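Beneath this line is the structure, given in structure tokens, with notes to follow.
Whatever order the structure lists them in is the order used to number ligands and atoms, beginning at 1. Nothing here was measured: the structure is a model prediction, and the numbers come from that model.
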Amino acid sequence: MALKCVALLGWRSEYEYSWWNRNKPSKSNLAPVTIRWFSRQRSINSVQGGKVAATHNHGRKFHKDLTSLPKPLTVADLSVTLDDSSKVRISFKGMLGSYSEDAALKAYPKCETVPCDEFEDAFKAVELWLAEKAVLPIENSSGGSIHRNYDLLLRHRLHIVGEVQLPVNLCLLALPGVRIEQLKRVLSHPQALAVSDIFLCKLGVPRENVDDTGFAAQYVASNGLRDAAAVASIRAAEVYGLNVLAEKIQDDSDNITRFLVLARDPIIPRTDKPFKTSIVFTLEEGPGILFKALAVFALRDINLTKIESRPQRKRPLRVVDDSNTGAARYFDYLFYIDFEASMAEPRAQNALGHLQVWFLVFNYAYFGCCYAIDF
Ligand SMILES: O=C(O)C(=O)C[C@]1(C(=O)O)C=C[C@@H](O)C=C1
């Protein structure tokens with residue numbers, strides 16, 4: 001009965017910490033830089049024309065040529081740059097006006113948002129010091145887990161430092177003057193389209209997937225499409241100068257997305273706020289093994305808020321020799337656990353210590369001790 005080793009990403013050993021603290025770049029030893037924006041060909045042809053749209057700069061409204069809006073960042077094309085602005089920079093996946101940007105602004109109302117083309121780019125933007133933090137969706141109350149980000153947490157050395165819960169009120173947006181009867185297609189992120197199924201079935205027009213809701217709104221606006229609508233937020237309507245034809249079109253009125261806030265350095269665990277801790281581990285095969293591992297939390301009244309399992313991509317199958325049944329091949333899984341306790345609390349330390357003693361090896365990956373921003 002042993003807790004199997006998982007790549008210890010997200011967790012830095014004592015040695016790595018001291019190395020990191022000695023070698024991490026400080027603002028003063030980094031050359032002043034500017035972020036270079038790069039536009040990549042997206043799933044729908046790039047935006048043409050310079051339509052004027054109302055956009056929103058953290059509360060200040062102004063008008064801007066759409067072609068001059070910052071384009072999402074791809075790490076491949078970055079000249080590594082930092083400016084000396086004191087504003088915290090938050091990377092997110094998507095275009096301006098997407099729900100991920102809403103989540104970033106909810107957590108850090110005065111932040112400068114850094115749109116990125118892919119989830120991985122948002123991770124890398126923090127690793128390359130182009131942003132201080134990343135805000136990424138991890139779970140939606142209607143659509144479930146965003147598995148890509150579970151996988152990326154393992155591949156990147158960032159720490160969870162917070163959580164944002166954002167009510168996602170989906171709206172049908174179209175150009176001013178366009179009526180609902182004129183629509184021949186609707187564009188949005190697949191998740192947004194899926195959770196608005198009842199409304200969209202009644203509308204009865206084809207749906208087209210795009211990378212994010214902000215992009216859908218921008219595409220409709222900048223191409224002057226009078227036969228298309230975007231499913232996106234009210235803020236996206238303001239940013240791109242669109243009209244709101246219908247509000248709250250999601251099937252479940254409470255449609256909430258949970259976002260994680262990631263940073264290069266972990267926060268120091270405290271006990272003055274509700275904290276959550278996230279870990280990942282694998283287990284040997286055997287009856288009740290997961291039940292036993294989870295008992296270390298139950299025994300100490302530690303509430304588990306989420307369990308997610310993902311296949312071990314590098315070693316998907318495990319061969320087990322059993323004297324009764326012979327050799328069997330099982331899928332091997334990673335278990336991601338979120339529990340409601342801070343690592344500053346003895347019960348959390350004891351629970352993880354219990355895992356260590358019970359399973360002989362202390363080799364789970366620890367992603368972070370975060371507090372939920374809107375608990
Ligand atoms: O498209 C967006 O606006 C996003 O921020 C992405 C995303 C997602 O990845 O699930 C985030 C929240 C919404 O539930 C829908 C889509």
For a 4.5 angstrom cut-off between non-hydrogen side-chain atoms, does L294 reach F335?
no
Say whether, by atom type as modelled, one donor and one acceptor occur between the side chain of R264 and the main chain of V126 under 3.5 angstrom.
yes
Looking at Y99 and S233, would you say the former's side chain and the latter's main chain have a donor-acceptor pair under 3.5 Å?
yes
Might you confirm whether atom NZ of K306 has over 12 heavy atoms from other residues, nucleotides or ligands at distances under 6.0 Å?
yes
With sequence neighbours left out, the residues meeting salt bridge (Lys or Arg N to Asp or Glu O under 4.0 Å) with D227 are none
Using heavy atoms and a cut-off under 4.0 Å, could you grab the residues that are in contact with ligand 1, chain by chain, numbers ascending?
S98, Y99, S100, P137, N140, I146, H189, Q191, D212, T213, T257
Do the side-chain N and O atoms of N140 and Q191 include a donor-acceptor pair separated by under 3.5 angstrom?
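Looking only at side-chain atoms, Q191 and N140 do form a donor-acceptor pair, the distance falling under 3.5 Å.
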